[in-house]
There are 2 protein chains.
Amino acid sequence: MPRTRAGRAPLSRDRVVEAASDLADAVATGRLTMRLVADRLDVEAMALYRHVADKDDLLDALAERVVERLNERAAQLDPPAPGTPWTGVARERVLAARQVLLRHPWAARQVHERGTMGPATLRWFDDLSAVLFAGGCSADLVHHAVHALGTRAIGYNAELLDVAPPGEEEGQDMLAAMAAMSQTYPAIARMVGEISHDASTALGWCDDQEEFEFGLDLLLEGIERRRRAEAGQPAAPPGPCS
Amino acid sequence: MPRTRAGRAPLSRDRVVEAASDLADAVATGRLTMRLVADRLDVEAMALYRHVADKDDLLDALAERVVERLNERAAQLDPPAPGTPWTGVARERVLAARQVLLRHPWAARQVHERGTMGPATLRWFDDLSAVLFAGGCSADLVHHAVHALGTRAIGYNAELLDVAPPGEEEGQDMLAAMAAMSQTYPAIARMVGEISHDASTALGWCDDQEEFEFGLDLLLEGIERRRRAEAGQPAAPPGPCS
DNA sequence: ACCTGAACACCGTTCAAGT
DNA sequence: ACCTGAACACCGTTCAAGT
């Protein structure tokens, strides 16, 4: 392994992000400074700027790194027993994500606050979408569900479909990029492709109010169903009046 | 109105918090500095420290101020038409809260992040709890529901019942304080009093994992019910097989 | 009593300089 | 090519001093 004259391994983006992640776990949120990260790497603060654009870039990378852990954790889950309903599979994935996030208390906020989705985040949402599709949900329902579950699970609330607004970019490059996306994130691509365009939801734009009300209604309906159950009325728990 | 020699109204905690709130609306989150707040009040930054303990104290007051707006907005709502189900009433309150919060993008995060609940926040939760009780929910259900809805509505996720851990304090003062609380926040008091103590939820402590799973299950069940409806199975929508 | 000036120990970030 | 030293324009916060 190459070493500098001072006897330490050379810096890299990964080493910087890793050090920052470790530090964020140890130190209170917001107390993370470039100088502290540098200290941990036995380096002057200014050396970091060769590997990250600025502090925001570092925080973005931090969020993405945690979502990578979510994906690794999801990959380790036992395959669901045959006959498991999709809800059970989704539940397990969301709870696994929560488990990882609880170990990095700063992470949910960081993931929540950034404006863009990195590859790891897209991967997580694509996998969750695939579970819903496999369960028989329509594209519209997958879309709403991912909003409702995603905010709760990994705190993401930015425009889900706002991949890259077609404008300044070359039309050719855009199409190629979208084709590549479809290969890599097939469930998301299917969702975007099949979603009802005559609704208030247009391609590349999510109606935040609609998504909020969708999630809110799910909660209210569920609470009301439990109230009924408490009160002794059967109210058709899972099945349709079986 | 009294004025200083320089010709400006004297500072007060309210004026400081108001200026900070206006500034937070205008400037990007995190860009709020003591010096900027002071500038807006035509005062040196150090003068603020006579009215707020430190920046954290100011941010806390900021959050509380916004929740006061939520309460004012809720008070202006038309009384629900007779026969309106409690879900409709709760829905209206949560959507009204969201309306206000959307005008102060920084507020949800701020409310979310602080560790304690001020009087305004307790007021909001007490009113919401009262709606659920009036709808016939049990104390346990109110408790779970307030967790599930509260996080979504005003981003609050700290321990709901962690009012003041009985320890160093005088027992007498504690009892008096709790009695006073019961007068001021009767629905919350009822919830705490009636909640099932044999469950994992003990007085003054909420099981975060349990609340998370409660909210998650509501979402999953609601999504599954919609999938069934899409697929043409009636699945007993609102009523019990009516 | 209420505000100010000067100062302290920090920030993120730049840029020319070292090796 | 990669890191450092010195510096700049900021932070929150203190404390003695002004009025």
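Because only heavy atoms are used, hydrogens play no part in the values below, and waters and symmetry mates are left out as well, while side chains stay in. Here is how names work: the chains are called A, B, and so on, in the same order as the sequence lines, proteins then strands, and each is numbered from 1.
Listed nucleotides: dC11(C), dG5(D), dC11(D). Nearest to the side chain of Glu44(A): dG5(D). Taking only side-chain atoms of Ala45(B), from C-beta outward, the nucleotide of dC3(C), dT13(D), dT13(C) with the closest atom is dT13(D). Checking dG12(D), dC3(D), dT4(C) against every side-chain atom of Val43(B), the shortest atom distance belongs to dT4(C). In the set dT13(D), dC3(C), dT13(C), the nucleotide with an atom closest to the side chain of Arg35(B) is dT13(D).
Following rounding to the nearest Å, Met34(A) (CE) and dC3(D) (P) show an atom-to-atom distance of 14 Å. Atom P of nucleotide dC11(C) and atom CG of Asp54(A) are separated by 17 Å, given to the nearest angstrom. Separating the NE2 atom of His51(B) from the P atom of dC2(C) is a distance of 7 Å, rounded to the nearest angstrom. Atom-to-atom, CZ of Arg15(B) to P of dC2(C) comes out at 14 Å; the value is rounded to the nearest Å. In this structure, Leu36(A) places its CG atom 14 Å from C1' of dA9(C), rounding to the nearest Å. Per the geometry, NZ belonging to Lys55(B) stands 12 Å off C1' belonging to dC10(D), to the nearest Å. Per the geometry, OH belonging to Tyr49(B) stands 16 Å off C1' belonging to dG5(C), to the nearest Å. Distance CZ (Arg31(B)) to P (dA9(D)): 18 Å, rounded to an integer number of Å.
Judged by distance alone, with hydrogens and angles left aside, the side-chain atoms of Asp57(B) form no donor-acceptor pair with the main-chain N or O of Val52(B) at under 3.5 Å. Side-chain atoms of Arg73(B) do not come within 3.5 Å of backbone N or O of Ala96(B) as any donor-acceptor pair. Using a distance-only test at 3.5 Å, with no hydrogens or angles considered, a donor-acceptor pair links the side chain of Asn71(B) to the main chain of Ala120(B). Judged purely by atom type and a 3.5 angstrom limit, Ser129(B) uses its side chain to pair as donor or acceptor with the backbone of Phe125(B).
For the residue pair His147(B) / Glu210(B), no side-chain donor-acceptor distance below 3.5 Å is found, with atom types taken as modelled. Side-chain contact, Arg114(A) with Thr121(A): a donor N or O sits under 3.5 Å from an acceptor N or O.
Between Arg50(A) and Leu32(A), the residue whose closest nucleotide on DNA chain C is further toward the 5' end is Leu32(A).
The strand DNA chain C forms stems, runs of 3 or more Watson-Crick or G-U wobble pairs with distances below 3.5 Å, at C:4-8 with D:12-16, C:12-16 with D:4-8.
Nucleic acid contact class of Met46(A) (heavy atoms, under 4.0 Å, all strands): base.
Here the side chains of Ile188(A) and Val146(A) are not in contact, with every heavy-atom distance at 4.5 Å or above.
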